[in-house]
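A short write-up of the structure that comes next.
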Amino acid sequence: MDPGKYANDGTLWLEKGIPLEFNLEKLGLWLKEKGPASYLMFGITYECQCKCRHCCVGNYVKEKHRELTTDQVKNVLDQANKALAINFFGGEPTMRRDLMELISYASEKSVFVFLDTNGIKVNMDYAQKLKDSGLDLLYVSIDSPHPEEHDEYRGYRGCFEKAVQAVKNALSVGLKVVISTYITKENLANGDFERVIQMARELGATGVRYLLPTPAGRWLYNVDVKLSPQEEERVRRIAEYPFVCRDFYFQNQASSRCRGIADKEYVYISPYGDVQPCCFMPLTFGNVKEEPLKVILDKMWSHPMYSEPCIFKECPMLSDEFRSKYIDPIPRNTKLPFRM
């Protein structure tokens, strides 16, 4: 993941004002000893207090006994050394008792450590522990500026209040905090997407990350959620980089493609060890319990799907052609992710 690719005019993203603190020694080591993947999205549990209607991993069977152990997660982090960013993901990663230990370990193996959360457990004490463990950036999900609507989407009463308080708590202990939200046709049309951005500014958040509505997870076969090209263009006009970023903290709005996948720099590892192109794509090329990470990545990145034209234009899960070739043929009763 060459940072120079992530700004409109080719200047380094660090010069565009993204307020991440970083260790020069760590950055230098990454540039010299770059691991097999620059951005590792690591799902460490499918457990969660919420039942979000749009959950991108909501169609995976919860089998807690299959979760990677602490030592197994650390082993994968050893194999991924050195990464630019390790992003712990869920489910809800705060459900794991060893989270602080994993953050601390990941901090030694990468330049940045990120964490996605619904905010429910992030009280002041927990926020301080995240900070002390070496977390660089906290993503807190807020789906709507309206408390009752957010709670309904999440299936958890009081979730909005806890998420907002989590933002305040994390900021107060010195963490960088980005509000993570997703766009729908409705919240784009009624202005709620812009209201979330305004709310983030009022809270003093570091920024906003938005996700386009994607037929994945509980929406896997609901292609009607996709925005039209005109709606996507409106999103790009609203999103003011670098305060508002799409998908990744290093990605601006100049392109609709997912650079992480297109440049073979991003990988998702599930709580059970499945190696997938991303958390949205229910396809796996191997399991880290059975094969080394690099062996699986070499196999994955040499697959013909990485030469599909759509890969270099847009999120492949938004491509009708890609879906007809790789998603639609998956038998509906198959346990996901589907082994390629």
Side-chain angles (χ1 to χ4, degrees), residues 36-37 39-48 51-68 72-73 76 79-80 87 89-91 116 182 211-226 247 257-258 260-262 264-340:
Y39 198 116
L40 176 61
M41 178 75 80
F42 209 144
I44 51 176
T45 184
Y46 286 133
E47 298 297 313
C48 187
K51 295 181 180 179
C52 304
R53 62 176 190 174
H54 58 286
C55 181
C56 68
V57 296
N59 54 357
Y60 296 130
V61 178
K62 291 183 180 179
E63 298 172 310
K64 191 170 179 60
H65 67 280
R66 293 180 59 201
E67 284 186 1
L68 296 176
Q72 286 173 327
V73 172
V76 175
Q79 294 181 59
N87 193 153
F89 190 65
D116 276 84
Y182 74 101
L211 303 172
L212 294 180
T214 305
R218 290 198 170 106
W219 283 352
L220 184 58
Y221 299 106
N222 186 9
V223 294
D224 293 338
V225 301
K226 294 193 300 181
D247 296 334
R257 76 168 177 158
C258 176
I261 291 179
K264 300 179 180 178
E265 297 280 8
Y266 165 91
V267 62
Y268 170 73
I269 299 177
S270 83
Y272 305 152
D274 293 304
V275 178
Q276 302 172 224
C278 82
C279 57
F280 287 154
M281 202 178 294
L283 307 172
T284 180
F285 289 81
N287 191 290
V288 294
K289 294 178 182 178
E290 303 165 1
E291 297 176 280
L293 177 61
K294 189 176 186 307
V295 170
I296 301 172
L297 290 177
D298 288 345
K299 177 171 51 179
M300 182 173 80
W301 285 334
S302 63
H303 191 277
M305 78 158 56
Y306 278 82
S307 298
E308 295 289 341
C310 70
I311 291 283
F312 306 97
K313 297 178 181 177
E314 62 184 334
C315 166
M317 291 298 287
L318 296 175
S319 166
D320 292 336
E321 182 179 355
F322 182 91
R323 293 179 65 88
S324 67
K325 186 177 291 188
Y326 297 104
I327 304 301
D328 294 342
I330 301 174
R332 293 295 180 100
N333 60 348
T334 298
K335 182 184 288 189
L336 299 174
F338 182 73
R339 181 68 71 102
M340 296 295 287

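Residue indices begin at 1 and follow the sequence shown.
- In this structure, Lys299 contributes its side chain and Phe285 its backbone to a donor-acceptor pair below 3.5 Å.
- At most 12 non-hydrogen atoms from other residues, nucleotides or ligands lie less than 6.0 angstrom from NZ of Lys294.
- Here CD of Glu314 is found 5.0 Å from OG of Ser319. Values are rounded to the nearest 0.5 Å.
- Contact between Cys310 and Phe322 at its shortest, heavy atoms only, is SG-CB, 3.6 Å.
- Between atom CZ of residue Phe280 and atom CD1 of residue Ile327 there is a gap of 12.5 Å, rounded to the nearest 0.5 Å.
- Nearest heavy-atom pair across Val57 and Gly90 is CG2-O, 3.7 Å.
- Interatomic distance, NZ of Lys313 versus CD of Glu321, reported as 8.5 Å (0.5 Å rounding).
- Between the side chain of Thr45 and the backbone N or O of Glu47, at least one donor-acceptor pair lies under 3.5 Å.
- One side chain, Asn87 or Tyr39, offers a donor N or O that lies under 3.5 Å from an acceptor on the other.
- A side-chain contact (heavy atoms from CB on, under 4.5 Å) with Pro277 is found for one member of Trp301, Tyr268, Tyr306 and no other, namely Tyr306.
- For the pair Leu220/Pro282, a side-chain contact is recorded, criterion being any heavy-atom separation below 4.5 Å from C-beta on.
- A centroid separation of 6.0 Å or more is found between the aromatic rings of Phe338 and Tyr326.
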Does the pair Val267 and Leu40 meet the rule for a side chain to side chain contact (heavy atoms under 4.5 Å, CB included), with working shown?
CA-CA 5 Å; Val267 62; Leu40 176 61; 3.6 Å; yes
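- When every heavy atom of Thr214 is checked against every heavy atom of Leu212, the shortest pair comes out as OG1-O, 2.9 Å.
- Around atom NZ of Lys51, no more than 12 heavy atoms belonging to other residues, nucleotides or ligands sit under 6.0 Å away.
- Of the possible donor and acceptor atoms, one in the side chain of Arg323 sits under 3.5 Å from a partner among the backbone N and O of Met317.
- Atom CE of Met281 sits about 13.0 Å away from atom CG of Leu336, to the nearest 0.5 Å.
- Taking every heavy atom of both residues into account, Arg53 and Arg218 meet most closely at O-CB, 3.5 Å.
- In this structure, the separation between NE2 on His54 and CG on Asn222 is 13.5 Å, given to the nearest 0.5 Å.
- A donor-acceptor contact shorter than 3.5 Å links the side chain of Asn59 to the backbone of Gly217.
- Contact record, Met300 with Val275: SD-CG1, 4.3 Å, taken as the closest heavy-atom pair.
- Under the 4.5 Å side-chain criterion, counting only non-hydrogen atoms from C-beta, Leu211 is in contact with Asp247.
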Full working for side chain to side chain contact (heavy atoms under 4.5 Å, CB included) between Ile296 and Gln79
CA-CA 12 Å; Ile296 301 172; Gln79 294 181 59; over 6 Å; no
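- Distance check: Ser270 OG to Asn287 CG gives 6.5 Å after rounding to the nearest 0.5 Å.
- Under the 30°/60° scheme for interplanar angles, the aromatic rings of Tyr182 and Trp219 are found to stand perpendicular.
- Minimum heavy-atom separation, Met305 to Leu283: CE-CD1, 3.4 Å.
- Residues Leu68 and Lys289 are in side-chain contact: their nearest non-hydrogen atoms beyond the backbone lie under 4.5 Å apart.
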